[in-house]
Structure formats: structure tokens, C-alpha cells
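See below for the structure under consideration.
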Amino acid sequence: MNFFIKLIRNLLGLLIATIDVLTRGSQLKRTPEKQQQVNQDAENLSLYQFFACPFCIKTRRAMYKLNLPIEKRSASEGSSHRDDLLQGGGKVKVPCLRIEENGKVEWLYESSDIIRYLEQRFA
Ligand SMILES: N[C@@H](CCC(=O)N[C@@H](CS)C(=O)NCC(=O)O)C(=O)O
């Protein structure tokens, strides 16, 4: 039973992810200099996620729109990223944005909070 629920959830996720890719639209355009700065800032960010999670898709969509090359780390079962998320953030819940700044690391949960943070910093 559990297997079928997982299967349906993943198929639905795959469908949403496909629709997302097909309907993403355009990305924010910046001058080459500005984009270079943004790319550099984005090196200190990483998104812990599942491919088919709707909250992660929503967050990835915002990242795409804002033209942010943030590294995506799969927190699926058995991955080392999952262990890092649990140890660093305190729970395995995705999406979670890992923010490294001035030698300090912050783990930001909740898709709406992550999107708000990214928009405030990069829009
Ligand atoms: N309100 C959260 C919901 C996140 C959520 O429920 N994520 C699921 C995957 S779709 C998850 O991490 N589940 C694992 C768990 O809760 O232990 C958000 O918007 O980010």
C-alpha cells in the first residue's frame, strides 16, 4: 500500500515538474557584470530538495525566474546530503536553503520563506 502511495506521489510530482518546465517563461535579465556578481553570491547557497516535491518545484521555479544558479542537492533516502540536512538543519524536510555567510551557516526551511528571502536579496 505504502509503495503505491509513493508511486502515485512520484508520478504526480513528475507531472508537475514537467508542466513547470514547459510553462516557466522567461528569466530575469541582468547586465553581465550584475549577473556575474549574482552567480558569485549564489555559490554560497544550496537548495536541499526532492525532485518531485511540489514545494521544491515551486522554489526551483522562483530560482529559475530570478536567474539564480543555486546548487541543488537531492535529500533522497540514502544520500549524504540527507545526513547533512538532518545534522545541520535539524530535520529532513525539503525544500531547505543552506545559506553560508561570513563563515556562518543558516538553514532556511519553508518554501514561502525561501522564496521571500531570494526575492528580497536578488530581485
Ligand atoms: N510547508 C512546507 C512543506 C514542505 C513539505 O511538506 N515537504 C515534504 C516533501 S513534499 C517533506 O519534506 N516531507 C518530509 C517530512 O515532512 O518529514 C513548505 O512549504 O516548504
Side-chain angles (χ1 to χ4, degrees):
M1 191 64 184
N2 215 3
F3 169 78
F4 284 110
I5 292 172
K6 262 192 179 170
L7 182 70
I8 289 169
R9 213 175 50 193
N10 282 333
L11 284 175
L12 266 178
L14 189 61
L15 180 68
I16 299 171
T18 308
I19 293 171
D20 168 48
V21 169
L22 295 175
T23 63
R24 268 176 178 177
S26 57
Q27 288 184 295
L28 182 66
K29 295 266 184 296
R30 301 183 178 91
T31 61
E33 298 76 27
K34 192 100 201 216
Q35 186 62 46
Q36 200 178 358
Q37 180 60 54
V38 165
N39 294 352
Q40 205 175 314
D41 291 349
E43 282 176 17
N44 295 326
L45 304 172
S46 43
L47 185 79
Y48 287 73
Q49 53 129 32
F50 297 153
F51 174 74
C53 156
F55 304 99
C56 301
I57 293 170
K58 177 178 125 183
T59 309
R60 290 202 303 264
R61 194 177 174 91
M63 283 163 40
Y64 174 84
K65 289 252 175 211
L66 289 168
N67 204 350
L68 302 174
I70 295 174
E71 184 188 340
K72 298 173 200 90
R73 297 180 175 171
S74 171
S76 55
E77 270 172 53
S79 73
S80 63
H81 294 321
R82 190 181 179 94
D83 299 338
D84 294 344
L85 176 61
L86 180 60
Q87 277 181 12
K91 56 187 172 184
V92 176
K93 191 160 194 182
V94 292
C96 180
L97 186 70
R98 181 183 186 275
I99 306 163
E100 198 170 338
E101 226 166 6
N102 306 322
K104 274 197 202 158
V105 175
E106 191 193 332
W107 298 80
L108 182 61
Y109 288 94
E110 288 300 319
S111 52
S112 302
D113 292 342
I114 296 171
I115 293 169
R116 194 175 313 116
Y117 170 84
L118 294 175
E119 283 178 346
Q120 279 172 0
R121 187 165 169 194
F122 295 108

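Since this is a predicted model, take the numbers as computed values, not measurements. Just the heavy atoms: all of them, side chains too, but no hydrogens, waters or symmetry mates, feed the values below. All ligand and atom numbering here is 1-based and tracks the order in the structure.
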Quiz item: Do Q37 and D41 get their side chains close enough for a donor-acceptor pair, meaning under 3.5 Å?
Solution: yes

Quiz item: At their closest point, which heavy atom of R60 faces which heavy atom of A17, and how far apart are they?
Solution: NH2-CB, 4.4 Å

Please tabulate protein-ligand N/O pairs under 3.5 Å for ligand 1, atom names and distances to 0.1 Å.
unit_1	atom_1	unit_2	atom_2	d
ligand 1	1 (N)	E110	OE1	2.8
ligand 1	1 (N)	E110	OE2	3.3
ligand 1	7 (N)	V94	O	2.8
ligand 1	12 (O)	V94	N	2.9
ligand 1	17 (O)	V92	O	3.3
ligand 1	19 (O)	S111	N	3.4
ligand 1	19 (O)	S111	OG	2.6
ligand 1	20 (O)	S111	N	2.9

Self-check item: Nearest heavy-atom neighbours spanning P95 and T59
Solution: CG-OG1, 3.4 Å

Quiz item: So, for F122 and L28, which heavy atoms are closest and what is the spacing to 0.1 Å?
Solution: O-CD2, 4.0 Å

Practice problem: Determine the minimum heavy-atom distance between S111 and K58, stating which atoms define it. | Solution: OG-NZ, 3.2 Å

Quiz item: At their closest point, which heavy atom of D84 faces which heavy atom of Y48, and how far apart are they?
Solution: CB-OH, 4.1 Å

